[in-house]
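Residue indices begin at 1 and follow the sequence shown.
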Amino acid sequence: MKVITTHIGADFDSLASMIAAAKLYPGAVPCFSGSASRNVRDYLKRYQSRYKVVTPRKVKMDEVTTLIVVDTRSASRIGPFAALVGKKDVTIHVYDHHPGDVLDELPASYSRVEVLGACTTLLVEVILERGIAISPHEATLFAMGIYEDSGALTFGSTCRKDYEIIATLRELGADMTQIPIFVEQSLTSAEKQLLNELIDNSWERYINGAKVVLSALNATRYVEGLSLFAHRLRDYFD
């Protein structure tokens with residue numbers, strides 16, 4: 001059994017990456033490793049007949065022979081699937097776009113890692129290289145993944161390749177008008193207050209020559225999409 005998974009707290013880049021990976025691994029089952037963002041859950045409810053992503057409870061771990069991990073390469077971020085790491089009868093493939101070294105990096109027999117604005121960009125590039133067809137609906141989902149993780153192509157991590165893949169997806173029929181319906185990039189007043197507090201509480205350190213920004217905050221409620229705040233902080237402090 002082949003399973004495709006991603007990090008806990010899956011966002012649209014995670015979802016789009018899993019669906020893209022499913023085109024590269026026919027028969028593989030996309031499966032969340034834990035929670036998913038509210039927007040992703042709403043999207044899958046609307047298109048449940050088109051995209052099926054299961055939960056770990058639907059997977060018999062002892063039947064997994066290949067684990068494809070997208071949008072992360074950290075063993076600590078894939079929830080119950082971390083139990084498969086180190087099993088000699090389980091092959092691991094990794095696709096990730098995050099920079100830097102990972103202390104608990106997955107021992108993959110195949111990995112494709114490139115620093116980009118979104119992991120979806122990386123996987124769509126592979127799909128195009130192999131000449132696999134992309135439907136207009138898939139192109140729309142892939143564009144959503146790139147737009148969300150790159151802050152609508154405004155985050156500092158956005159690369160030329162992200163723009164090029166978006167242009168290609170548009171040519172393949174991506175409906176860009178659908179993106180604002182599901183992808184929220186603007187902050188509510190409460191979220192703006194939280195971001196301001198994170199900025200006020202931040203302090204800078206240099207570790208081995210690298211500039212690092214740290215911040216701490218106690219929130220009275222659960223905050224979804226925390227990666228957006230991390231991106232905004234990174235851009236604010238350059």
Side-chain angles (χ1 to χ4, degrees), residues 6-18 32-47 53 55 70-74 76-79 96-100 102-104 115-121 140-159 162-163 166 175-207 210-238:
T6 186
H7 58 78
I8 295 173
D11 53 20
F12 266 108
D13 188 31
S14 307
L15 174 63
S17 294
M18 285 196 293
F32 290 125
S33 61
S35 62
S37 71
R38 180 189 68 251
N39 293 359
V40 167
R41 296 195 304 269
D42 291 343
Y43 180 85
L44 288 175
K45 284 180 183 178
R46 177 175 292 193
Y47 297 109
V53 183
T55 63
V70 299
D71 203 22
T72 185
R73 57 186 186 277
S74 174
S76 62
R77 300 193 67 198
I78 58 173
D96 191 24
H97 73 111
H98 296 99
V102 178
L103 294 177
D104 60 340
V115 179
L116 297 165
C119 189
T120 305
T121 299
T140 302
L141 173 59
F142 297 160
M144 283 185 188
I146 297 172
Y147 258 65
E148 184 186 60
D149 227 38
S150 66
L153 303 175
T154 64
F155 289 159
S157 58
T158 308
C159 301
D162 297 300
Y163 290 98
I166 281 289
D175 184 356
M176 309 305 280
T177 64
Q178 291 293 309
I179 295 176
I181 297 175
F182 295 100
V183 178
E184 297 176 0
Q185 290 299 335
S186 59
L187 300 177
T188 65
S189 58
E191 290 171 335
K192 289 178 181 177
Q193 181 180 353
L194 189 148
L195 178 61
N196 288 334
E197 290 184 45
L198 285 171
I199 292 173
D200 290 340
N201 295 346
S202 296
W203 67 98
E204 298 178 8
R205 291 289 184 274
Y206 282 86
I207 301 176
K211 180 181 178 181
V212 177
V213 176
L214 303 153
S215 184
L217 175 69
N218 287 323
T220 57
R221 61 182 179 82
Y222 177 71
V223 180
E224 287 197 283
L226 196 59
S227 61
L228 180 58
F229 295 93
H231 277 294
R232 295 289 173 88
L233 278 173
R234 184 176 65 181
D235 291 343
Y236 182 88
F237 288 97
D238 191 26

- Message: Determine whether a donor-acceptor pair (N or O, by modelled atom type, separation under 3.5 Å) exists between the side chain of Asn201 and the backbone of Ser215.
- Response: no
- Task: Taking the side chain as every heavy atom from C-beta outward, state whether Leu194 and Glu197 have any pair of such atoms under 4.5 Å apart.
- Result: no
- Side-chain heavy atoms of Ser74 within contact of His7, under 4.5 Å: no
- Message: Would the distance check show the side chain of Thr140 and the main-chain N or O of Asp175 forming a donor-acceptor pair, the cut-off being under 3.5 Å?
- Response: yes
- On a heavy-atom basis, the closest approach of Ala143 and Ile179 is CB-CD1, 4.0 Å
- Is there a side-chain contact between Asp96 and Val102 (heavy atoms, below 4.5 Å)? no
- Message: Quick check against the 3.5 Å criterion: does Ser157 have a side-chain atom that pairs as donor or acceptor with the backbone of Gly117?
- Response: no
- Message: Can you confirm whether Leu103 is buried at CG, in the sense that more than 12 heavy atoms of other residues, nucleotides or ligands lie under 6.0 Å from that atom?
- Response: no
- Message: Main chain of Leu141, side chain of Tyr43: is a donor-acceptor contact present, judged purely on distance under 3.5 Å?
- Response: no
- Item | Worked check of side-chain contact (heavy atoms from CB on, under 4.5 Å) between Tyr147 and Leu153 | CA-CA 6 Å; Tyr147 258 65; Leu153 303 175; 4.0 Å; yes
- Query: Are the side chains of Phe12 and Asp149 in touch, meaning some heavy atoms are under 4.5 Å apart?
  - Reply: no
- Is atom CZ of Arg46 surrounded by more than 12 heavy atoms (other residues, nucleotides or ligands) closer than 6.0 Å? no
- Val70 side chain near Asp13 side chain, heavy-atom distance below 4.5 Å: no
- Task: Report the distance from atom CE of Met144 to atom CD1 of Ile181, rounding to the nearest 0.5 Å.
- Result: 7.0 Å
- Of Thr158, Ile166, Val183, which meets side chain to side chain contact (heavy atoms under 4.5 Å, CB included) against Ile146? Ile166
- Task: Could you grab the distance from atom CG of Leu116 to atom CG of Asp162, nearest 0.5 Å is fine?
- Result: 5.5 Å
- Would you say the side-chain atoms of Thr72 pair up with the backbone N or O of Thr6, donor to acceptor, closer than 3.5 Å? no
- Can you name the closest pair of heavy atoms from Phe142 and Ala16 and give their distance? CE2-O, 3.5 Å
- Are the side chain of Ser150 and the backbone of Phe155 linked by a donor-acceptor contact shorter than 3.5 Å? no
- Task: Taking the side chain as every heavy atom from C-beta outward, state whether Asp71 and His98 have any pair of such atoms under 4.5 Å apart.
- Result: yes
- Side chains of Phe229 and Leu217: does their closest heavy-atom pair fall under 4.5 Å? no
- Gly145 versus Ala118, closest heavy-atom pair with distance: O-CB, 4.1 Å
- If you take all heavy atoms of Met18 and Val53, which pair is closest and at what distance? CE-CG1, 3.9 Å
- Message: Tell me whether Lys45 at atom NZ has more than 12 heavy atoms from other residues, nucleotides or ligands lying less than 6.0 Å away.
- Response: no
- In this structure, CG of Leu214 is separated from CH2 of Trp203 (nearest 0.5 Å) by 5.0 Å
